[in-house]
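The structure appears below as C-alpha cells.
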There are 2 protein chains.
Amino acid sequence: MITLAEENYLKAIWAISLNTNEKASTNAIADEISTSAASVSDMLRKLQEKELIKYEKYKGVELSEKGGNLATSIIRKHRLWETFLVNKLAFNWGEVHDVAEQLEHIKSDELVDKLDSFLGFPKFDPHGEPIPTKDGEIPTTNAIPLNELQTATKGRVMGVTLDEKSFLDYLTQLNIRIGTKIELLEKISFDQSLSINIENTNQHISNDVAKHLLIKIK
Amino acid sequence: MITLAEENYLKAIWAISLNTNEKASTNAIADEISTSAASVSDMLRKLQEKELIKYEKYKGVELSEKGGNLATSIIRKHRLWETFLVNKLAFNWGEVHDVAEQLEHIKSDELVDKLDSFLGFPKFDPHGEPIPTKDGEIPTTNAIPLNELQTATKGRVMGVTLDEKSFLDYLTQLNIRIGTKIELLEKISFDQSLSINIENTNQHISNDVAKHLLIKIK
DNA sequence: ATAAAAATTTAGACGAGTCTAAAGAAATAA
DNA sequence: TTATTTCTTTAGACTCGTCTAAATTTTTAT
C-alpha cells in the first residue's frame with residue numbers, strides 16, 4: 001500500500017527528472033515539495049525499501065519501473081481531474097490545480113477509467129499537457145517552447161508547462177489561451193525577453209514566461 | 001484545520017445519533033468505524049478541545065452545533081459524489097460507497113457547489129437519501145420503512161437507508177430499485193419476515209431487509 | 001591539493017492516530 | 001446491597017511523516 005506522502009514524493013521525482021533528464025537531488029526534491037532535506041533523506045530510504053526508486057546515498061535518485069508507472073498514473077489522474085473541472089464544472093484553468101492535487105490521490109482504477117470515458121478520452125488537459133493513457137503512453141506534440149522559436153515565426157499556443165495560478169492569470173490577462181495565434185517579433189539579447197504579437201496586439205514578455213509556452217509552428 | 005480522521009469521527013457520531021436519537025457511546029463509535037474503544041476515548045478528548053462535540057466522560061457524546069454543521073457538510077459531499085458516480089459515470093448503486101468515502105474529504109467549497117449545480121441540484125442521492133443543501137437543510141419525505149407498513153398496503157420504494165454493497169446487490173437481485181412498486185402481503189409474526197409483491201412476483205424478505213426500505217404509500 | 005562551502009545523511013524529538021493491557025466507573029444481577 | 005459483568009478511560013508503546021541540530025560526504029574554489 002502506498003501512502004499519500006509517498007505518492008507526492010514519486011510525483012516530485014518524476015517532475016524533476018522530466019525537466020532535467022537527470023537524477024533528482026535531495027535538495028531539489030525538498031524544494032519541490034517544500035520540506036526539509038532531512039525528511040527527504042528519510043523518505044528516500046523508505047521508497048528504496050519498497051523498490052519504487054533507484055537510490056544511492058549522496059548520488060541522487062531516479063524512479064524504478066514500478067515507481068515510474070505509479071507516478072505516471074498519478075499524473076494521469078491529475079490531468080483527467082483538471083479536464084473534468086474545466087470542461088464539466090466550468091472552473092477556469094488557474095483554479096484547478098489545488099483541487100486536482102487532492103483528487104489525484106483517490107484510489108479507484110474503475111473511477112479513473114470511467115472518468116476518462118466520460119470526458120471522451122482527452123489527449124491533453126486544459127493546459128495542453130498530455131494525459132497519459134491507461135497503458136502509460138504519453139501523447140506527444142511537435143510544439144516547442146516560445147523562447148526557442150526563431151524571430152519572425154508564427155505559430156499557435158498548444159500548451160503551457162507551468163500550472164500556477166499567478167502564471168495562468170497573467171496569460172489570461174495577456175489574452176493568451178490554448179489555440180491563440182502568436183508571432184515572435186524580436187528577442188532582446190540583453191535579458192532574453194521577447195516581443196510578440198497576439199491577436200494583432202504587440203506585447204512584451206519575459207523569457208521566464210516564454211519558456212513555459214509551447215508553440216506549434218504555422 | 002480538521003483532519004480526515006476527525007471528519008470520520010464526526011460522521012460516525014452523526015450516523016449513530018440519527019438512528020438512536022440518543023448520545024453516542026464510546027463503544028458504538030468504535031463499532032461504527034472499526035477501531036478500539038481506547039482510540040475513540042482519545043479522539044473524543046481532542047474533538048472536545050476543538051468544541052466539535054459535547055462530551056462528558058462516561059456519559060456519551062453528541063455533536064456541537066459546529067460539529068453538526070461539519071458532519072452535515074460531509075454527508076452532503078458524500079451524497080453529491082454518489083449521485084455523480086451513478087448519474088454521470090454509470091456506476092451502479094452498490095459500487096459507489098467506497099469511492100464516495102474518499103471523495104467526501106476533498107476540501108473545496110467551490111467544487112461542491114459546482115458539482116451540485118452540474119448535477120442539477122438533486123434532492124436525493126441514488127439510494128433515495130436526502131442530500132443536505134448548502135445551508136444544511138435536509139429534504140424530507142413522508143416515506144416509512146417497509147416493516148412498519150400495514151398488511152395489504154401498496155406503495156413505491158423511495159429510498160434505502162443502508163449503503164452496503166451486499167445489501168444493494170441483493171435488492172438488485174430482487175428487482176428492487178428506487179421507484180419500484182411494492183405491496184406488503186403478509187407479516188410473519190414468528191420472525192417478522194415479510195411476504196411482498198414486486199412487479200407481479202411474490203417474494204419473501206427478512207425484517208432486516210425491510211427496515212432499510214423506505215416506502216411511500218399509494 | 002587542501003580548505004571552505006554546499007549538499008546530504010544521521011540522530012533525536014515531536015504530533016497524530018493507532019494499539020494492547022490495565023485500571024476505574026457504571027450498570028446489572030443475585 | 002453487594003458482587004459481577006460491562007463499558008470507558010488511562011498508561012505506555014508503536015508507526016508515519018515531519019522537524020532541528022549535528023555529523024558526514026561531496027563539490028568548489030583558492
Side-chain angles (χ1 to χ4, degrees), chain A residues 1-17 19-20 22-63 67 70-71 74 101-102 104-105 107, chain B residues 1-17 19-20 22-63 67 70-71 74 101-102 104-105 107:
Chain A
M1 196 47 197
I2 188 164
T3 68
L4 192 147
E6 287 169 345
E7 289 195 346
N8 283 333
Y9 275 91
L10 294 182
K11 204 164 56 118
I13 297 165
W14 185 91
I16 293 164
S17 321
N19 293 326
T20 63
E22 283 170 20
K23 290 186 179 175
S25 73
T26 300
N27 267 353
I29 298 169
D31 268 11
E32 178 78 17
I33 58 185
S34 302
T35 189
S36 68
S39 303
V40 175
S41 265
D42 252 14
M43 183 57 96
L44 293 183
R45 198 178 31 72
K46 292 176 195 169
L47 292 173
Q48 174 81 299
E49 270 167 35
K50 292 195 174 184
E51 298 186 337
L52 295 169
I53 57 175
K54 287 180 270 182
Y55 170 53
E56 258 188 293
K57 272 191 208 174
Y58 297 103
K59 305 286 181 177
V61 60
E62 55 190 335
L63 295 172
L70 268 168
I74 299 165
E101 290 249 293
Q102 297 179 64
E104 74 194 8
H105 299 293
K107 282 168 181 45
Chain B
M1 196 47 198
I2 187 164
T3 68
L4 193 147
E6 287 168 345
E7 290 195 345
N8 283 333
Y9 275 92
L10 293 182
K11 205 164 55 116
I13 297 165
W14 185 89
I16 292 165
S17 319
N19 293 326
T20 64
E22 283 169 23
K23 289 187 179 175
S25 73
T26 299
N27 266 354
I29 298 169
D31 268 12
E32 179 77 18
I33 58 185
S34 302
T35 189
S36 69
S39 303
V40 176
S41 265
D42 252 13
M43 184 57 95
L44 292 183
R45 197 178 32 71
K46 293 174 194 169
L47 291 174
Q48 174 81 300
E49 269 167 36
K50 293 195 175 184
E51 297 186 338
L52 295 169
I53 58 173
K54 287 181 272 184
Y55 170 53
E56 260 187 292
K57 272 191 207 173
Y58 295 104
K59 304 286 182 177
V61 61
E62 56 190 332
L63 296 173
L70 268 168
I74 299 164
E101 290 247 294
Q102 297 180 63
E104 74 193 7
H105 299 293
K107 282 168 181 45

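In this text the structure is predicted, and so the values were computed from the model without any measurement. Just so it is clear: chains get the letters A, B, ... in the order the sequence lines come, proteins before strands, and each one is counted from 1.
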For DNA chain C, determine which residues of residues 2-16 of chain A have any heavy atom closer than 4.0 angstrom to one of its atoms, and list them numerically.
none
Over all heavy atoms of both residues, which pair between [X] and [Y] is shortest? Give the atoms and the distance, please.
| X | Y | value |
| --- | --- | --- |
| B/Leu44 | B/Ile53 | O-CD1, 3.4 Å |
| B/Ala37 | B/Thr26 | O-CG2, 3.6 Å |
| B/Lys11 | B/Ile74 | CD-CG2, 3.7 Å |

Keeping the roles fixed (side chain from A/Lys50, backbone from A/Met1), state whether a donor-acceptor pair exists under 3.5 Å.
yes
Does the side-chain contact (heavy atoms from CB on, under 4.5 Å) test come out yes or no for A/Leu47 and A/Tyr9, once each step is laid out?
CA-CA 9 Å; A/Leu47 292 173; A/Tyr9 275 91; 3.8 Å; yes
NZ-OG1 distance between B/Lys46 and B/Thr3, expressed to the nearest 0.5 angstrom:
8.0 Å
Approximate separation, where rounding is to 0.5 Å, of B/Lys54 NZ and B/Lys23 NZ:
8.5 Å
One character per nucleotide, please: for nucleotides 4-13 of chain D, 5' to 3', B when the base has a protein heavy atom closer than 4.0 Å, S when only the sugar-phosphate does, - otherwise.
---SSBB---
Nearest whole Å is fine: how far is [N] [atom2] from [X] [atom1]?
| X | N | atom1 | atom2 | answer |
| --- | --- | --- | --- | --- |
| A/Glu49 | D/dC16 | CD | P | 10 Å |
| B/Ile29 | C/dG17 | CD1 | P | 15 Å |
| B/Lys23 | C/dA26 | NZ | C1' | 15 Å |

Around A/Lys57, counting heavy atoms of other residues, nucleotides and ligands shown, do more than 12 lie under 6.0 Å from its NZ?
no
So, is A/Thr35 close to the D/dC19 phosphate, meaning a side-chain N or O under 4.0 Å from OP1 or OP2?
yes
Please confirm whether the shortest side-chain N or O distance from B/Ser36 to OP1 or OP2 of C/dC19 is below 4.0 Å.
yes
